[in-house]
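A note on names: the letters A, B, ... follow the listed sequences, proteins ahead of strands, and every chain is numbered from 1.
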Number of protein chains: 2
Amino acid sequence: MSATYSIIIADDHAMFLDGLTSILSEEKSIKIILTAKTGTQVLKYLRINKDEKIDLVITDINMPEMDGVALNQAIKFEFPQIKTLVVSMLEEAKKIKQLTEANANGYISKNAEKTELLNAITNILEGDNYFSPRIKQVLMEAMFSEKSSPEIALTKRETEVLKLIAQEFTTQEIADQLFLSKHTIESYRKNLISKLGVRNLAGLTRYAVEKGLLA
Amino acid sequence: MSATYSIIIADDHAMFLDGLTSILSEEKSIKIILTAKTGTQVLKYLRINKDEKIDLVITDINMPEMDGVALNQAIKFEFPQIKTLVVSMLEEAKKIKQLTEANANGYISKNAEKTELLNAITNILEGDNYFSPRIKQVLMEAMFSEKSSPEIALTKRETEVLKLIAQEFTTQEIADQLFLSKHTIESYRKNLISKLGVRNLAGLTRYAVEKGLLA
DNA sequence: TTTTATATCACGGAAATCGGTGATAAAAGA
DNA sequence: TCTTTTATCACCGATTTCCGTGATATAAAA
């Protein structure tokens with residue numbers, strides 16, 4: 001890295017943000033332009049300072065207001081020349097997939113060593129992408145498992161009924177709430193059971209909980 | 001802080017560890033003796049270097065092998081003169097309570113600002129304890145809520161049955177598995193429903209999932 | 001030692017779920 | 001336009017759950 005690069009860091013954990021800043025401020029070739037706690041702050045800055053040359057935005061996934069995925073999409077749409085590196089605790093295949101689809105240039109875990117972080121940054125600034133081996137593996141597994149277990153798509157109504165079922169309402173009560181026949185709800189219940197491959201109410205409830213339908 | 005203090009930092013997230021190290025190495029009065037990724041590494045070091053004066057151990061809660069709570073207990077038992085500061089993402093009342101019972105000298109969130117971190121360290125090194133306002137609040141709430149909603153204690157058998165219920169087994173199947181009468185399992189089911197204040201199988205399942213009985 | 005908690009079993013009836021096999025109309029997609 | 005999906009409703013029988021009201025023996029606690 002011979003030239004000087006301008007970067008922005010976004011993370012809602014102040015201490016991690018400070019830590020990252022501290023680590024990177026040791027690098028002479030890196031100039032930290034801004035540190036932010038939300039994606040919106042970053043976007044706001046970029047829009048106001050359109051002419052400033054920013055090379056890289058380092059971001060977490062979990063942030064209030066606007067999360068890492070949305071921030072990535074926005075940056076790549078409005079400022080496609082800016083590279084992005086996601087640094088997160090999460091190793092959820094879904095999120096990682098969303099990020100690759102949003103054209104993030106790299107993804108490393110917060111578990112990563114300092115050297116890997118610097119390595120990732122160097123790679124990205126030089127035009128390559130960087131995804132840690134572990135992340136690549138998660139992505140691969142996700143792609144395979146996706147084929148073996150095709151996404152179970154529930155309709156709006158099915159989701160609605162499932163939610164109520166998991167909330168301990170009986171068929172009759174759900175029918176009353178939705179102004180539908182008891183038989184209709186029974187149909188949904190049966191369809192859900194066979195669609196989701198579960199045996200009973202317990203299975204439906206677990207599915208609902210795991211998919212975060214209750215909150 | 002006039003004198004020089006010797007501290008040890010333990011956190012399994014390398015980047016956070018690096019960040020923290022980086023922040024603290026700016027402080028002239030602080031000398032970082034060791035950084036470790038597990039509690040056992042810290043203890044091993046302390047045992048070998050019995051005569052070295054260590055003032056403070058900064059630790060995360062979630063670590064492999066030996067977590068922050070266990071590390072705290074061990075340190076306070078074997079090296080009671082060493083102060084401890086817990087820096088964690090978690091704000092679970094249970095963990096925090098355990099830590100206060102293990103005589104940790106301070107607890108701050110990873111969301112805390114750098115200034116709060118330094119403030120906490122200074123306080124602790126000077127002999128005070130430091131718990132951030134947010135943490136104090138969580139502790140208070142926990143103490144109150146404990147009285148208002150007494151812990152629902154399930155017996156071994158009840159837990160066992162509940163687990164199987166949530167795993168979609170019918171009463172008869174559970175009875176067969178545990179070599180008990182179908183009536184017995186029915187009793188457990190009824191007791192569980194009234195004990196946990198839920199209405200049906202869905203409620204039982206949700207409770208089981210939320211308590212992490214399935215894994 | 002007396003009381004309480006735990007673990008076990010039993011009956012009966014009402015209510016709900018489960019499983020199969022339908023139908024119809026409207027909306028969406030090819 | 002034709003086909004598929006979605007949303008709705010219906011019947012029936014078997015199984016399961018839910019609810020109340022019990023009992024007994026043993027272990028733990030007061």
(message) Does the protein touch nucleotides 19-24 of chain C at the base, only the backbone, or not at all? Give it as B, S and - per nucleotide, heavy atoms under 4.0 Å.
(response) BBB---
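Listed by first and then second residue, the salt bridge (charged side-chain N to carboxylate O under 4.0 Å, His left out) pairs that reach into residues 167-185 of chain B are A:R199-B:E173, sequence neighbours excluded. For residues 45-55 of chain B, every residue pair satisfying the salt bridge (charged side-chain N to carboxylate O under 4.0 Å, His left out) rule, not counting sequence neighbours, is listed here: B:R47-B:E78, B:K53-B:D55.
Test B:N129, B:N105, B:D128 against B:N123 for side chain to side chain contact (heavy atoms under 4.5 Å, CB included) and you get one pass: B:D128.
Fit an axis to the five pairs at each end of the helix from C:dT1-D:dA30 to C:dA30-D:dT1 and the two axes sit 70° apart, to the nearest 10 degrees.
When heavy atoms are screened at a 4.0 angstrom cut-off, B:T184 is found touching base atoms of the nucleic acid.
Residue B:R157 has a polar side-chain atom (N or O) positioned under 4.0 Å from OP1 or OP2 of C:dT8.
Of all heavy-atom pairs spanning A:L201 and B:A202, the tightest one is CD2-CB, 3.7 Å.
C:dC18 atom P lies 13 Å from atom CG of A:N191, rounded to whole Å. Taking atom CD1 of residue A:I185 and atom C1' of nucleotide C:dC18, one finds them 16 Å apart after rounding to whole Å.
Using modelled atom types, one finds no donor on one side chain facing an acceptor on the other under 3.5 Å when comparing B:Y188 with B:E160.
Reading DNA chain D from its 5' end, the first and the last nucleotide to sit under 4.0 Å from a heavy atom of chain B are D:dT17 to D:dT21.
In this structure, the side chains of A:L178 and A:V161 come closer than 4.5 Å at one or more pairs of heavy atoms.
Within a heavy-atom distance below 4.0 Å of DNA chain C, the residues of residues 167-175 of chain A found are A:T170, A:T171.
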